[in-house]
Amino acid sequence: MLKYLIVQLDDSAPSFCHYPDSEREPKLIPLDTLRKGLLRSMKENLTVQFIYPDYELPNEYAALIDSVYHADIVSVKSENSGLLAGAEVIVINSLENLENFKFAEGKAYVWRTSISDFLKNNGKLSMILPRIDRLNVVFTDVANFNDSLKVNYAKALDKLAEVIVAEYDRQHPVQLNLLTDRILLDEMNNCNAGDECITLCPDGRYYICPAFYSDSKNAVGDVNNGLNVKNPQLYRINHAPICRTCDAWQCRRCVWLNRNLTLEVNTPGRQQCVMTHLERNASARLLENLRNNKILGLTKVLYGRTLLYLPGLLFGFEKCGRGCK
Amino acid sequence: MIIRFSKLSIMTNLENRKEIIMEEEIGIKENERGWQDGMSKNITFIVTKDCQLACKYCYLVGKNEKERMTWQVAKKVIDYVLDNEKQFKEQSVIWDFIGGEPFLEIELIDKICDYIKTEMFRRNHHWFDSYRFSFSTNGINYDDKRVQRFIEKNIDHLSIGITIDGTKRKHDLNRIWKGSGGEEQGSYDDVVRNIPLWLKQFPDASTKVTISSADIPYISESVLHLYSLGIKEVNINVVFEDVWKDGDDNLFEEQLMILADEIIDKGYYKDYACSLFSDSIGKPLDAALDNQNWCGAGKMLSVDAAGNFYPCTRFAAYSLRSKRPVIIGNVTEGIDENLLRPFLTLDRITQSPQECIDCEVASGCAWCQGENYDAAETDTIYQRSTAICKMHKARVRANNYYWNKLYRKLESEGKRNDYDTVSKKSGSQSC
């Protein structure tokens, strides 16, 4: 069931997720299109999330946006300091910006990074995590992950887990999506684009998520004629044969990555599975450390949690050459 | 000496035993199972996209005379497959040759097969002596000297199916010569002359009959005609494409009942088999226990003249009406495992609409992954086409009639209990 409407306000709005930054020239969503989209969101009880361009919006847009309940996703490069100060999600693309940013309490920050930069610089996060309440690390090149990086990725996660334990110990329950989401979740918590979430883009068309905006052929309806998602069941977890039995609940299950890597929106590429499995196992070790250090009480939800460390990386269908499960 | 039996060989032996009991003790000819009961790797060479015929129901919409495989590409394919033994762990292999018409490229095929044999021996590959060469041919060139030489050389490792659709009028309705223009020229006479030679060389050979809307009225006479030619096993399928007209299902059912009467009344069931009738079809399927995919796409590997890999031939460009080809790799870069994932994880329930999941006669209802993909509303293999739904239901009704009538006859002859015992024992579980 649809719950969220993402509105990309401008063609040039920067990416906040796995997909690359837009190379388009600035072009605002027409005001009438925005109005129609927001009307729909109100009629269908959708929570709206706006993705802003870096330049300041005209007043009439700001007024319209302010007429609905919403959350703001803003790049750290935004020229609108007021917007940046109030935004719920702030997107940061470079480590330098991340290191120098003055984080506010209770906000979520997104660090978009390549895998190699993360592996090279993750040590610097030990200086950042104490100053931040929530950091989402989003990889911009998941397709480049390969088996030779597994050991280093697991080591990096373990190092970050040590920082988190220390933060918990000093009464600061910092959240790092790669490690703490899994131990705080009770069930799969995916992006759910196409199922719970849909995106309205400046061309007046709906897309599964902003990543699909690169090609208008990917549109799944428009503001005048409504939504028309074909094969909608394929965006649901129960129609994802690999994911529905997986317990790496922190995985974004990115349908755009899925389609790029496997040609099917319901099937993840191996890279995504391996990375999230390593995160899941690192989360299991983190939980064990928190328990051993008797600092679970800080987040009561962690009491009684169990998460077994699963060393294998084989998925059911890979065990048997014939694809049987 | 210790003799080791693998699970596969034990299962195959049990199945063979069942077939022997069914045929010798009870007197019902069963449909042959595929070699190694489908447990082998199937590697398909699309050696040419050319064919002498232009069959009206052919799903190959992009046939042409230009795309012929070269020796260089074929050699690269073989080297890739044999170099990557760990990737191809199946116990056995079927090297399949398809077209168009594969025997148009018999010289290339001969060279390929010689190289495969030599290399498997030289490498001490686990497929050495556990392989077949398989062909599906229109039969026109079957008596060609080069083809015959090839058959003689490889006969112990060869499966050849000649496609003959039945009586002359049924066969010539669809299987016509290419370029016959206004005056369609059927190919029946050019094929039937080779049937005796084929059956002499392969007495247990079967043929594959394809049914489209126009040829429903000729099904019964065609199956009986094929029996009369000495073909003991006739495998029939209706085309998966959405070609069916109102009333086709009733006509189909009618034809199958006529055929059922003929087979039972004249005792053909003792020595001949027809895949339309099977005592396992037409039952509800359990969502958890019977959730396997029907189709083997992705578990096989198909390669074209350009050296591109496909999960099955049906995903190559020349097979697709409206979709992009699904290329899962090539001879230079190998197989992209990510692109295979959707195929290896496909199951029945995930791709089926609710009406199929709830269907009370679901068992035996087939699908073609390539046709599903081609007909789907989006670029997915996860949307099952239901174009043959009413034809399957018609088949089930006729099939029920067939088995009720046959069981009653067996009972009157005191053979029913034997049949039930053998049937129950044969229930085997796949991996």
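Convention: sequence-line order gives letters A, B, ...; per-chain numbering from 1.
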Chemist: Among B:T380, B:L339, B:D379, find the one that has a side-chain contact (heavy atoms from CB on, under 4.5 Å) with A:E264.
Modeler: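 The side-chain contact (heavy atoms from CB on, under 4.5 Å) with A:E264 is passed solely by B:T380 among B:T380, B:L339, B:D379.
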
Chemist: Go through A:Q233, A:K230, A:R259 and name the one with the most non-hydrogen pairs under 4.5 angstrom from chain B.
Modeler: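 Winner by heavy-atom pair count: A:K230.
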
Chemist: To the nearest 0.5 Å, what is the distance between OG1 on B:T345 and CD1 on A:I242?
Modeler: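 B:T345 OG1 to A:I242 CD1: 4.5 Å, rounded to 0.5 Å.
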
Chemist: Give a yes or no on this: more than 12 heavy atoms of other residues, nucleotides or ligands lie within 6.0 Å of atom CZ of B:F88.
Modeler: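 Above 12, so yes.
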
Chemist: Which atom names give the shortest non-hydrogen contact between A:L263 and B:V326, and what distance separates them?
Modeler: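 Minimum heavy-atom separation between A:L263 and B:V326: CD1-CG1, 4.1 Å.
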
Chemist: Testing the basics here: between A:T262 and B:P342, what is the closest heavy-atom pair and its distance to 0.1 Å?
Modeler: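 Distance-wise, the nearest heavy atoms are O-CG, 3.4 Å.
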
Chemist: Under the rule for salt bridge (charged side-chain N to carboxylate O under 4.0 Å, His left out), what residues qualify as partners of A:D247, not counting sequence neighbours?
Modeler: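 Only A:R182, A:R280 meet the salt bridge (charged side-chain N to carboxylate O under 4.0 Å, His left out) criterion with A:D247.
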
Chemist: For atom NZ of B:K76, decide whether the heavy atoms of other residues, nucleotides or ligands shown that lie under 6.0 angstrom number more than 12.
Modeler: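 Incorrect, the count does not exceed 12.
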
Chemist: Between A:V265 and B:Y382, is any pair of side-chain heavy atoms under 4.5 Å apart?
Modeler: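 Heavy-atom side-chain distance check fails, nothing below 4.5 Å.
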
Chemist: Within the side chain of B:N338, is there an N or O that forms a donor-acceptor pair under 3.5 Å with the backbone of A:R270?
Modeler: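 The answer is yes, because a donor-acceptor pair under 3.5 Å joins these two groups.
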
Chemist: Counting neighbours of CD on A:E44 that are heavy atoms of other residues, nucleotides or ligands and sit closer than 6.0 Å, is the number greater than 12?
Modeler: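 Atom CD in A:E44 is crowded, with more than 12 foreign heavy atoms closer than 6.0 Å.
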
Chemist: Flag yes if more than 12 heavy atoms outside B:R324 fall under 6.0 Å of its CZ atom; otherwise flag no.
Modeler: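 Result for CZ/B:R324: open.
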
Chemist: May I ask you to decide if A:P268's main-chain N or O and B:R341's side chain share a donor-acceptor pair within less than 3.5 Å?
Modeler: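 Yes, the answer is positive, given that a donor and an acceptor are paired below the 3.5 Å cut-off.
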
Chemist: Could you tell me which portion of A:N266 (side chain, backbone, both or neither) has an atom closer than 4.5 angstrom to a non-hydrogen atom of chain B?
Modeler: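 Interface part for A:N266: side chain.
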
Chemist: Kindly give the heavy-atom pair with the smallest separation between A:N231 and B:Q383, and that separation in Å.
Modeler: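 Result for this residue pair: ND2-OE1, 2.9 Å.
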
Chemist: Under 4.5 Å heavy-atom distance to chain B, tell me which part of A:L261 shows up: side chain, backbone, both or neither.
Modeler: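 Answer is both: backbone and side chain atoms of A:L261 are under 4.5 Å from chain B.
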
Chemist: So what's closer than 4.5 Å to chain A heavy atoms on B:I381: side chain, backbone, both or neither?
Modeler: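 Contact with chain A: backbone and side chain both.
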
